[in-house]
Amino acid sequence: MISITAILKSKPEHLNEIQNLLTHLVTETRKEEACVRYDLHTSENVFILWEEWKDQPGLDLHNNQSYLQEFIKKTESLVSTPIQVYKTEQIL
């Protein structure tokens with residue numbers, strides 16, 4: 001199992017636009033066979049994606065999906081800092 005946490009900090013004036021883009025991304029990603037979990041959380045202008053993947057090939061396939069690539073391109077100017085992505089392993 002592979003766990004990913006992605007953190008996006010929206011510019012305040014683009015909050016709704018980013019949330020709409022994230023909603024589409026989550027909807028499409030959850031259809032992927034290797035996707036175990038793809039949950040979206042928020043606090044003020046911060047969005048957190050909590051992801052779990054069956055295996056690395058499935059994650060690689062996800063990372064090459066056109067809807068993910070489009071999301072990254074569209075949000076570059078809408079976020080206040082670059083998107084942070086952490087690949088983690090559960091230790092407890």
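Index from 1, following the sequence.
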Q: Any idea which heavy atoms bring Ala34 and Asp55 closest together, and the distance?
A: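 Heavy-atom minimum between the residues: CB-OD1, 4.3 Å.
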
Q: Let me check something: any side-chain donor-acceptor pairs from residues 57-65 under 3.5 Å, sequence neighbours excluded? List them with distances.
A:
residue : atom : partner : partner atom : Å
Asp60   : OD1  : Gln56   : NE2          : 2.6
His62   : ND1  : Glu32   : OE2          : 2.7
Asn63   : ND2  : Leu59   : O            : 3.4
Asn64   : ND2  : Asp60   : O            : 2.9
Gln65   : NE2  : Leu61   : O            : 3.4

Q: Honestly curious: do Leu40 and Val85 fall in one hydrophobic cluster under the side-chain, below-4.5 Å linking rule?
A: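 The answer is yes; both residues are in one hydrophobic cluster.
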
Q: Determine whether Val26 and Ile48 fall in the same hydrophobic cluster, where Ile, Leu, Val, Met, Phe, Trp and Tyr are linked whenever their side-chain heavy atoms lie under 4.5 Å apart.
A: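 Shared cluster, no.
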
Q: Considering only NZ, NE, NH1 and NH2 on the basic side and carboxylate oxygens on the acidic side, decide whether Glu28 and Lys31 come within less than 4.0 Å.
A: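 So Glu28 pairs with Lys31 through a salt bridge.
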
Q: State yes or no: do Leu8 and Leu78 share one hydrophobic cluster built from I, L, V, M, F, W and Y residues joined by side-chain heavy-atom distances below 4.5 Å, directly or via other members?
A: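 Hydrophobic grouping puts Leu8 with Leu78.
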
Q: Looking only at heavy atoms, which two atoms of Ile4 and Trp53 are closest? And how far apart?
A: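 Looks like CG1-CD1, 4.1 Å.
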
Q: For atom NZ of Lys74, decide whether the heavy atoms of other residues, nucleotides or ligands shown that lie under 6.0 angstrom number more than 12.
A: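 No, the 6.0 Å shell around NZ holds no more than 12 heavy atoms from other groups.
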
Q: With rounding to the nearest 0.5 angstrom, report the OG1 to OH distance, Thr5 to Tyr86.
A: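 Spacing of OG1 (Thr5) from OH (Tyr86) equals 9.0 Å.
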
Q: Quick one: do Tyr38 and Ile72 end up in the same hydrophobic cluster if we chain Ile, Leu, Val, Met, Phe, Trp and Tyr together by side-chain heavy atoms under 4.5 Å apart?
A: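 Both belong to a single hydrophobic cluster.
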
Q: Shortest non-hydrogen contact from Glu52 to Ser3?
A: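 Closest approach of Glu52 to Ser3, heavy atoms only: CG-OG, 4.0 Å.
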
Q: Using the side-chain contact (heavy atoms from CB on, under 4.5 Å) rule, pick out the option among Gln19, Lys9, His41 that qualifies with Phe47.
A: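 With Phe47 as partner, side-chain contact (heavy atoms from CB on, under 4.5 Å) holds for just one option, Gln19.
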
Q: Would you say that Ile18 contacts Val79 through its side chain, given a criterion of any heavy-atom pair below 4.5 Å between the two side chains?
A: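 Side chain of Ile18 against side chain of Val79, heavy atoms only: contact under 4.5 Å found.
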
Q: I'd like to know if Tyr67 and Leu22 are part of one continuous hydrophobic network [Ile/Leu/Val/Met/Phe/Trp/Tyr, side-chain heavy atoms within less than 4.5 Å].
A: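 Same hydrophobic cluster.
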
Q: Under a 4.5 Å cut-off applied to non-hydrogen side-chain atoms, are Leu25 and Leu49 in contact?
A: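 SC-SC contact between Leu25 and Leu49 confirmed.
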
Q: Under the side chain to side chain contact (heavy atoms under 4.5 Å, CB included) criterion, do Asn45 and Glu13 qualify, and how do the steps go?
A: CA-CA 10 Å; Asn45 69 320; Glu13 64 271 22; over 6 Å; no

Q: Specify the closest pair of heavy atoms between Thr27 and Thr23, including all atoms of both residues, with the distance to one decimal.
A: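 Shortest heavy-atom contact: OG1-O, 2.8 Å.
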
